[in-house]
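Written below as structure tokens is the structure these notes are about.
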Amino acid sequence: MNCHNEVGDDDYQPGHTHSHGHGHGHGHDHGHDHSHDAAADTGLADSLFGKVNVDLVRCLNESTPDAIKRVFKPYHQRLDTTQFVSSDPDDPELLVYVPFTAMIKLKSVFIWGGPSDSAPSKVRVFSNRDDLDFESIGEAAPTQEWALARGAREPVEYPVRVTKFGNVRSLTLHFPECFDGDESTVYFLAFRGEWVELKDTPVVAVYELKPSAADHKTPASENMGHHSIH
């Protein structure tokens, strides 16, 4: 797969591994070549590593608080298994909220849960949804979803339908289950795409809790201490 070709609605092929970075990149209309910078910093062209707002990343049902932040690593550290997030031992479900510091045109998602059966078996991805919790996630329609590769020994790249991910401020990733057992593990998450700077926009996501959802946590609400912003 040529990772610099945009993937249309009908021609994407999930399940590609990416064992090396690309150094060629391409220019962008907004005046500077972000892919060359990303390749130099991370070993992956078009990397969005530097645009993930890691301080505000949140995860529901992680066994160790803030462990989710450890899985956003430079591409050359993608096989590091000392830093990971795992679910509570009796429940494999994970719900991850990832805000960005720029407006993103997403091209692909990298996911790796390791070669064992504690790796997530499925992911449902939602664009610009900071209102989801475990109660509402089951009824929500994902922007895109994949069955994940089993037994992968390196991160797998899942190209997205780029027409669905053209103006992304945040992503929510729902891992409902693992291949086997009651505990999920994720070692690496990364994103490829293009970006433009945001101007005069608050860093913290704005959301409003419905009265009936006052007692439910969402990953995004963790950033605001469970207070509504109107």
Side-chain angles (χ1 to χ4, degrees), residues 1-18 22 25-30 34-35 38 44-53 56-60 68 71-72 75 93-113 120-134 136-149 152 155-177 186 188-198 201 205-207 218-220:
M1 181 187 68
N2 182 347
C3 294
H4 290 277
N5 289 334
E6 291 190 352
V7 182
D9 284 351
D10 299 322
D11 61 357
Y12 71 97
Q13 297 270 337
H16 287 67
T17 58
H18 223 266
H22 300 285
H26 60 276
H28 299 269
D29 293 338
H30 42 271
H34 295 139
S35 36
L44 178 67
D46 294 333
S47 171
L48 297 174
F49 172 72
K51 299 305 168 185
V52 174
N53 195 339
L56 297 183
V57 169
R58 294 292 182 267
C59 180
L60 295 186
I68 186 61
V71 306
F72 296 94
Y75 192 70
E93 194 170 13
L94 291 169
L95 185 60
V96 182
Y97 172 72
V98 184
F100 296 97
T101 60
M103 185 71 75
I104 301 302
K105 181 180 180 181
L106 189 66
K107 293 182 178 180
S108 63
V109 179
F110 286 81
I111 300 171
W112 190 46
S121 59
K122 180 180 180 179
V123 67
R124 306 169 70 229
V125 181
F126 302 80
S127 175
N128 299 327
R129 291 290 303 270
D130 59 4
D131 59 330
L132 297 171
D133 59 19
F134 283 135
S136 61
I137 195 75
E139 300 299 322
T143 311
Q144 193 164 347
E145 61 185 330
W146 297 280
L148 301 180
V156 177
E157 182 178 21
Y158 298 89
V160 306
R161 298 184 179 101
V162 293
T163 56
K164 303 289 187 180
F165 293 90
N167 294 286
V168 178
R169 291 288 310 279
S170 67
L171 293 172
T172 299
L173 289 79
H174 179 219
F175 299 98
E177 58 194 13
V186 176
F188 183 77
L189 289 175
F191 308 98
R192 288 182 62 247
E194 300 173 8
W195 57 272
V196 294
E197 294 287 359
L198 294 172
T201 304
V206 176
Y207 78 106
T218 69

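None of these values were measured; they are calculated from a predicted model. Worth knowing before you read on, the calculation uses all heavy atoms, side chains too, and leaves out hydrogens, waters and symmetry mates.
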Checklist line | Any donor-acceptor pair under 3.5 Å from Q144 side chain to R124 backbone | finding: no

Check: Which atoms form the tightest heavy-atom contact between W112 and P155, and what is the distance?
Finding: CB-CA, 3.6 Å

Next item on the list: Specify the closest pair of heavy atoms between P120 and G113, including all atoms of both residues, with the distance to one decimal.
Entry: CD-CA, 4.1 Å

Next item on the list: Please name the pair of heavy atoms, one in L132 and one in L95, separated by the smallest distance, quoted to 0.1 Å.
Entry: O-CD2, 3.7 Å

Check: Pick from D46, T101, L48: which one makes a side chain to side chain contact (heavy atoms under 4.5 Å, CB included) with W195?
Finding: L48

Check: Distance from E177 atom CD to L94 atom CG, nearest 0.5 Å?
Finding: 12.0 Å

Margin query: Show, in sequence, the C-alpha distance, side-chain angles and deciding distance for Y97 and L56, and conclude whether the side chain to side chain contact (heavy atoms under 4.5 Å, CB included) test is met.
Written below: CA-CA 8 Å; Y97 172 72; L56 297 183; 5.6 Å; no

Note to self: Measuring from atom CG of L44 to atom CZ of F49, what distance do you get when rounded to the nearest 0.5 angstrom?
What the structure shows: 11.0 Å

Note to self: Return the CG to CZ distance between D131 and F126, rounded to the nearest 0.5 Å.
What the structure shows: 10.0 Å

Next item on the list: Run the salt-bridge test on E145 and K122 with the 4.0 Å N-O cut-off and return the result as yes or no.
Entry: yes

Check: Between atom NE2 of H174 and atom CD1 of I137, what is the distance when rounded to the nearest 0.5 Å?
Finding: 5.5 Å

Notebook entry, point to check: Would you find a donor on one side and an acceptor on the other, under 3.5 Å apart, between the side chain of R129 and the backbone of T172?
Noted result: no

Checklist line | Stepwise side chain to side chain contact (heavy atoms under 4.5 Å, CB included) test for F191 and I104 | finding: CA-CA 10 Å; F191 308 98; I104 301 302; over 6 Å; no

Next item on the list: Looking only at non-hydrogen atoms, find the nearest pair between C59 and I68 and report the distance.
Entry: CB-CB, 3.6 Å

Margin query: With a 4.5 Å cut-off on side-chain heavy atoms, are K51 and E197 touching?
Written below: yes

Item checked: Heavy-atom pair of closest approach, residues V160 and W146 -> CG1-CH2, 3.7 Å

Checklist line | N167: partners by side chain to side chain contact (heavy atoms under 4.5 Å, CB included), with sequence neighbours left out | finding: M103

Notebook entry, point to check: Which atom names give the shortest non-hydrogen contact between A149 and V156, and what distance separates them?
Noted result: CB-CG2, 4.1 Å

Check: So, the side chain of N128 versus the backbone of R169: is there a donor-acceptor pair under 3.5 Å, distance only?
Finding: yes

Item checked: Min side-chain heavy-atom separation V125-L171 under 4.5 Å -> yes

Note to self: Determine whether a donor-acceptor pair (N or O, by modelled atom type, separation under 3.5 Å) exists between the side chain of S108 and the backbone of Y158.
What the structure shows: no

Item checked: F100 side, atom CZ; S170 side, atom OG - distance, nearest 0.5 Å -> 8.0 Å

Notebook entry, point to check: Is F165 close to V162 at the side-chain level, that is, under 4.5 Å between some pair of heavy atoms?
Noted result: no

Check: Do the ring centers of F188 and F72 come within less than 6.0 Å of each other?
Finding: no

